[in-house]
Amino acid sequence: MEFTQFKSFFLRSCEKNGIAPLNDGQMDTFWRFANHLLQVNQTTNLTAIRNLPDVVTKHFVDSLTVSARIPQSARVLDLGCGPGFPSIPLAIARPDLTLVALDSTDKKIRFLNESAVLLGLSNLKGVAGRAEDGKIRASLGEFDVVVSRAVARLNVLCELCMPYVRLGGKLVAMKGAKGEEELAEAQNAIRILGGKAVLFSDPLLLEEGSEDRCLVEVEKISPTPKQYPRAYATILKKPL
Ligand code: SAH
């Protein structure tokens with residue numbers, strides 16, 4: 001796929017999914033990122049997605065579906081970012097945001113930080129560490145919005161994420177077909193952690209059909225009790 005094909009394919013997919021059009025500079029940055037990702041992925045295992053059209057739809061367009069839920073100039077945490085989804089697409093498309101991307105795997109954060117330098121993304125910083133680590137939490141502080149894709153079931157995810165959300169801010173969890181079911185299961189966790197949830201069903205329209213995607217927004221309406229998050233083994237063994 002050449003750049004011109006990539007550009008028209010990407011723009012069409014954005015349009016189908018109600019994503020604001022990208023300018024030429026942003027398109028060029030996405031193109032460089034896609035090639036860099038696919039190249040590094042040949043020797044370092046970063047993603048199971050190995051062809052350009054899938055990178056565009058399943059990584060880029062999917063990541064950008066959260067953009068409309070993020071207010072102007074917000075400080076955003078991508079918790080469990082992997083090689084940078086949704087954080088890198090957001091950093092390219094939304095220069096107004098300040099993004100921190102957290103992942104427990106060093107090599108993924110190394111890739112993310114190298115990519116940010118390569119692409120000139122001064123609004124994105126990757127941090128290696130575990131979300132439930134008290135030192136990480138103290139150093140990162142609180143965020144207007146926490147986003148997360150493909151990290152854990154919603155009840156577990158809420159315990160990891162809600163302590164990072166400022167009062168009045170929100171978690172936007174990118175969930176699949178089971179979003180509604182997970183939301184029902186997470187009601188107790190959401191209440192205990194100080195949240196209030198709303199479900200948005202937003203099927204992702206891919207070129208070859210549609211993929212289930214829904215966004216669960218959990219607004220923080222009261223402070224999260226200090227004992228959360230617990231150790232990861234405890235969260236998994238005794239989910240709220
Ligand atoms: N969000 C990316 C990666 C999903 S894979 C994407 O959608 O492509 C899940 C990622 O979460 C892994 O990279 C894993 O290292 C990270 N992760 C899981 N539990 C974590 C925790 N407690 N703290 C920080 N990162 C975590």
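In each ligand, atom 1 is the first atom listed, and ligand 1 is the first ligand listed. All residue numbers in this chain count up from 1 along the given sequence. All values below were derived from every heavy atom in this structure, side-chain atoms included, with hydrogens, water molecules and symmetry-related copies excluded.
- At least one N or O atom of Gly80, backbone or side chain, sits closer than 3.5 Å to an N or O atom of ligand 1.
- Side chains of Lys135 and Ser139: a donor-acceptor N/O pair is absent below 3.5 angstrom, by distance only.
- A salt bridge links Asp28 with Arg32: the closest approach of a Lys/Arg side-chain nitrogen to an acidic carboxylate oxygen falls below 4.0 angstrom.
- Using modelled atom types, no side-chain atom of Lys170 and backbone atom of Ile70 make a donor-acceptor pair closer than 3.5 Å.
- Among Arg130, Arg149, Glu159, the residue whose heavy atom lies closest to atom 6 (C) of ligand 1 is Arg149.
- At least one N/O-N/O distance between Ala131 and ligand 1 falls below 3.5 Å.
- Counting heavy atoms closer than 4.0 Å to ligand 1, residue Ser148 contributes nothing at all.
- Among the atoms of Asp103, some N or O lies under 3.5 angstrom from an N or O of ligand 1.
- Among the atoms of Val151, none of the N or O lies under 3.5 angstrom from an N or O of ligand 1.
- Between Arg94 and Ser67, the side chains place a donor N or O and an acceptor N or O closer than 3.5 Å (distance only, hydrogens not considered).
- Among all protein heavy atoms, the one lying closest to atom 22 (N) of ligand 1 is Glu132 OE1, 2.9 Å.
- Separation of the Phe30 and Phe6 ring centroids does not fall under the 6.0 Å cut-off.
- The single protein non-hydrogen atom nearest to atom 9 (C) of ligand 1 is Ala150 O, 3.3 Å, given as residue, atom name and distance.
- Considering Arg75, Lys220, Arg166 as possible partners of Asp144, the one that fulfils the salt bridge (Lys or Arg N to Asp or Glu O under 4.0 Å) test is Arg166.
- For the pair Arg130 and Tyr232, the cation-pi criterion (under 6.0 Å, within 45° of the ring axis) is fulfilled.
- Heavy-atom contacts of Lys108 reach the following atoms of ligand 1: 12 (C), 13 (O) (cutoff under 4.0 Å).
- Using a 4.0 angstrom heavy-atom cutoff, Gly129 counts as in contact with ligand 1.
- Ring geometry, Phe60 versus Phe33: the interplanar angle falls under 30°, so the pair is classed parallel (tilted spans 30 to 60°).
- Looking at Ser104 next to ligand 1, an N or O pair under 3.5 Å apart turns up.
- Residue-ligand proximity, Thr105 to ligand 1, at heavy-atom distances under 4.0 Å covers atoms 15 (O).
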